[in-house]
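Keep in mind the model is a prediction, meaning the values are calculated, not measured. Every heavy atom of this structure was used, including side-chain atoms; hydrogens, water molecules and symmetry mates were not.
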Amino acid sequence: MWRSVISAHQSRTQQILRLNNGFHNDMMTSLKLKPDALLRLRLCSSKTREASSYTRNHISVIQTKYQLALYNTMVKRFQTTSSSGSSARNQSTSAGISTESSSAFSNSASANMSMEFHSSFATAIQRVLLKPRRIPIPRWITPRQKTLTFSECFGHMSFVLVAASYATDDFLYLRMMAVAGSSAMLVFTYFHPHGRILWLPFQWNALFIVINTYRIGKSLYYKNIGMKLGEEMKEIKRRYFDTMDIVDFVKLIEIAQEESFEKGELMLFQGQKNPFVRLVLEGELDALRDGIKTYSLEQGNFVTEAGLHAGLLLDGTIETSCTIVATSETTTRCLRWNRTELVNLLKKENGLRRTFKAILTWDIVRKLKGQRLSITDHTVADPELWTRKRNEQTEDRYAAILQNLLTSKRSLENMQKRIRELDHYRTIHHIDDKHHAYALKKIGWSLEEYNAGKKNIIQIDRREDDISVIPSVAKSKL
């Protein structure tokens, strides 16, 4: 039955094509007498092509149905043959032949159906997106009719979302709007009103979507970790890191380690090379200069930040200007960062660096306020001695910062930038030129060497019992 239907449709198609060829010959003959016959020829030929294409499509559908019917028939025959109790050899042979035939027919049928579905689906979407739709504009505004397609709407929406992303301050919202805008641009460039796919902007927008999606996923990952923090860390975040985003706070906490000290235990001693920055989580500590208490540290205070609040990103070790000892009856707990790891994180994350500097600045204010209260409450036995020790501590801290800055290879490579940051630190802590020159002399540098960014090394050359001093200029090395 299927073969008769296919042969009938094939004969019909051949008949239509023969009629079409004869019609073309007749019309080409009549063109010599009637010039307007060209229009009729085009109309008739287009209708004939549509009919022939419809017939071909119909035949392909019938062929697919015929293949499916043949496949079902062969499967039934195989089942009947296997249950008839014939010999094992005939059974295996017929099963192999039917399996191979059925798999071949099923694969070809499924491939044809999937291709048909894909083409029909893409055509349907293209018709919906590229269909011009009339915009109801009053005639008193303009007498011309305006049309708009859904594809053009996606293009306009893309630019609107990108413009809106520039106006937001939130990092996550900006990325999300950028992804939405790029996705809308993908639709516009693939279903372009001109009928061609614009592959160049399509590929670039796909790349932007991948990058922004990765950053969004990373931010959501850190937000999820922040939601799972303990109540103590959430309280520390709320009280002392309120200006910092939860994502930056989690990044900061991830590279920190917790340590504890019992009452009377030393955290640092005066003159020690210290590679850490600490934050007090619980308990109290005292800072002692030559055995004289200069200030106290409590929850939320940073220990040995050494210029980070002024933008001095000094890595390595810095000499401690005082002794720090735990004085709380309970266990004193702290978070500890390796200074080099912390500086690398601050250099990589600009937003984290800005908020961290602001938090350190408020911490300095709290410490200064605590020192003023200790004087007004008359808890300092000898104010003059206390003031002298505080000044010595400040000078030693500044000398330790200079020592780190002038012996670090990274700092010497960006000496002018470091000098500007150091001038900012001097302004905050009221360090004049006299104290600056004194600190340089303490670490073995002169003011001229500091301004030049180089250290003069004196070499002694002994030849034939003659001693001559040969100055040579070389950069300071680690």
**OP:** Begin from the C-alpha positions of Leu129 and Phe154 and carry the test side chain to side chain contact (heavy atoms under 4.5 Å, CB included) through to its verdict.
**Re:** CA-CA 9 Å; Leu129 293 178; Phe154 275 101; 4.0 Å; yes

Original post:
How about Thr317 and Asn404: do any of their side-chain heavy atoms sit closer than 4.5 Å?
Top reply: no

Subject >> Side chain to side chain, Leu346 and Glu341, heavy atoms closer than 4.5 Å >> reply: no

Original post:
Any sub-3.5 Å donor-acceptor pair from Thr355's side-chain atoms to Gly351's backbone N or O?
Top reply: yes

Original post:
Under 4.0 Å between a Lys/Arg side-chain N and an Asp/Glu carboxylate O for Arg333 and Glu232?
Top reply: yes

**OP:** Determine whether more than 12 heavy atoms belonging to other residues, nucleotides or ligands lie under 6.0 Å from atom CZ of Phe150.
**Re:** no

Subject >> Least distance between heavy atoms, Leu229 atom then Met233 atom >> reply: CB-CB, 4.3 Å

Original post:
At their closest point, which heavy atom of Ser321 faces which heavy atom of Arg397, and how far apart are they?
Top reply: CB-N, 3.8 Å

**OP:** Tell me, yes or no, whether the heavy-atom count around Tyr190 atom OH, taken from other residues, nucleotides or ligands under 6.0 Å, exceeds 12.
**Re:** no

Subject >> Side-chain heavy atoms of Leu335 within contact of Leu281, under 4.5 Å >> reply: yes

**OP:** Answer whether the closest heavy-atom distance between the side chains of Asn301 and Arg366 falls below 4.5 Å.
**Re:** yes

Original post:
Between atom CG of Leu207 and atom CZ of Phe202, what is the distance when rounded to the nearest 0.5 Å?
Top reply: 12.5 Å

Original post:
Are the charged groups of Arg336 and Glu258 less than 4.0 angstrom apart, N to O?
Top reply: no

Subject >> Pair Arg278 + Glu259, salt bridge at N-O below 4.0 Å >> reply: yes

Original post:
Does a sphere of radius 6.0 Å around NZ in Lys131 hold more than 12 heavy atoms from other residues, nucleotides or ligands, not counting ones at 6.0 Å or beyond?
Top reply: no

**OP:** Work out which heavy atom in Lys234 is nearest to a heavy atom in Gly226; give both atom names and the distance.
**Re:** CE-O, 4.0 Å

Original post:
Atom CG of Leu314 and atom CD of Glu421: how far apart are they, to the nearest 0.5 Å?
Top reply: 8.0 Å

Subject >> Check against side chain to side chain contact (heavy atoms under 4.5 Å, CB included), Leu279 and Val303 >> reply: CA-CA 6 Å; Leu279 171 70; Val303 186; over 6 Å; no

Subject >> Pair His429 and His309, ring centroids less than 6.0 Å apart >> reply: yes

**OP:** Check step by step if ring-ring contact (aromatic ring centres under 6.0 Å, His included) holds for Phe188 and Phe159.
**Re:** CA-CA 11 Å; Phe188 176 71; Phe159 288 105; 7.9 Å; no

**OP:** Let me see the working for Tyr450 and His436 under ring-ring contact (aromatic ring centres under 6.0 Å, His included), right down to the final yes or no.
**Re:** CA-CA 10 Å; Tyr450 171 78; His436 175 64; 4.8 Å; yes

Original post:
With a 4.5 Å heavy-atom cut-off, do Arg339 and Val277 have their side chains touching?
Top reply: yes

Subject >> Heavy-atom closest pair, residues Leu402 and Ala439 >> reply: CD1-CB, 3.7 Å

**OP:** Could you grab the distance from atom CG of Leu161 to atom CE of Met177, nearest 0.5 Å is fine?
**Re:** 8.0 Å

Original post:
Where is the tightest heavy-atom contact between Ile318 and Ala400, given as atom of each residue plus distance?
Top reply: CG2-CB, 3.8 Å

Subject >> Polar side-chain atom of Ser158 near backbone of Ser182 as donor-acceptor pair, under 3.5 Å >> reply: no

**OP:** Determine the interplanar angle of the His194 and His192 rings, folded into 0 to 90°, and report it as parallel if under 30°, tilted if 30 to 60°, perpendicular if over 60°.
**Re:** perpendicular

Subject >> side chain to side chain contact (heavy atoms under 4.5 Å, CB included) between Arg353 and Val343, intermediate numbers included >> reply: CA-CA 9 Å; Arg353 183 172 70 250; Val343 167; over 6 Å; no

Original post:
How many angstroms lie between OG in Ser219 and CZ in Arg175, if you round to the nearest 0.5 Å?
Top reply: 7.5 Å

Original post:
What pair of heavy atoms forms the shortest contact from Phe191 to Leu130, and how long is it?
Top reply: O-CD2, 3.5 Å

Subject >> Spatial distance of atom CE (Met176) from atom CG (Leu172) [nearest 0.5 Å] >> reply: 4.0 Å

Original post:
Looking at side-chain heavy atoms only, is the closest gap between Asp245 and Leu352 below 4.5 Å?
Top reply: no

**OP:** May I ask you to decide if Met244's main-chain N or O and Asp248's side chain share a donor-acceptor pair within less than 3.5 Å?
**Re:** no

Subject >> Salt bridge Lys251-Glu254, side-chain N to carboxylate O under 4.0 Å >> reply: no

**OP:** Report yes or no: does Lys367 contribute a side-chain atom to a donor-acceptor pair with the main-chain N or O of Phe302 at less than 3.5 Å?
**Re:** yes

**OP:** Step by step, work out the side chain to side chain contact (heavy atoms under 4.5 Å, CB included) result for Thr189 and Trp199.
**Re:** CA-CA 7 Å; Thr189 53; Trp199 286 113; over 6 Å; no

**OP:** Measure the CG-CG distance between Leu342 and Leu252 for me, rounded to the nearest 0.5 Å.
**Re:** 6.5 Å

Original post:
Going by heavy atoms in the side chains, are Met157 and Met185 under 4.5 Å from each other?
Top reply: no

Original post:
For the side chain of Ser260 and the backbone of Thr332, is there at least one donor-acceptor N/O pair under 3.5 Å apart?
Top reply: no

**OP:** Verify whether one side chain among Arg215 and Asn212 offers a donor that lies under 3.5 Å from an acceptor in the other.
**Re:** no

Subject >> Polar side chain donor-acceptor pair, Thr304 to Asn274, under 3.5 angstrom >> reply: yes

**OP:** Identify which one of Val179, Leu174, Val160 satisfies the side-chain contact (heavy atoms from CB on, under 4.5 Å) criterion when paired with Ser165.
**Re:** Leu174

Subject >> Atom CD of Gln257: over 12 foreign heavy atoms under 6.0 Å >> reply: no

**OP:** With the side chain counted from C-beta on, respond yes when Thr243 and Ile359 share a heavy-atom pair under 4.5 Å apart, and no when they do not.
**Re:** yes

**OP:** Let me know which of Phe356, Tyr240, Tyr222, Phe241 forms a ring-ring contact (aromatic ring centres under 6.0 Å, His included) with Phe249.
**Re:** Phe241

Original post:
Short question: side chain of Lys369, backbone of Ile364 - any donor-acceptor pair under 3.5 Å?
Top reply: no

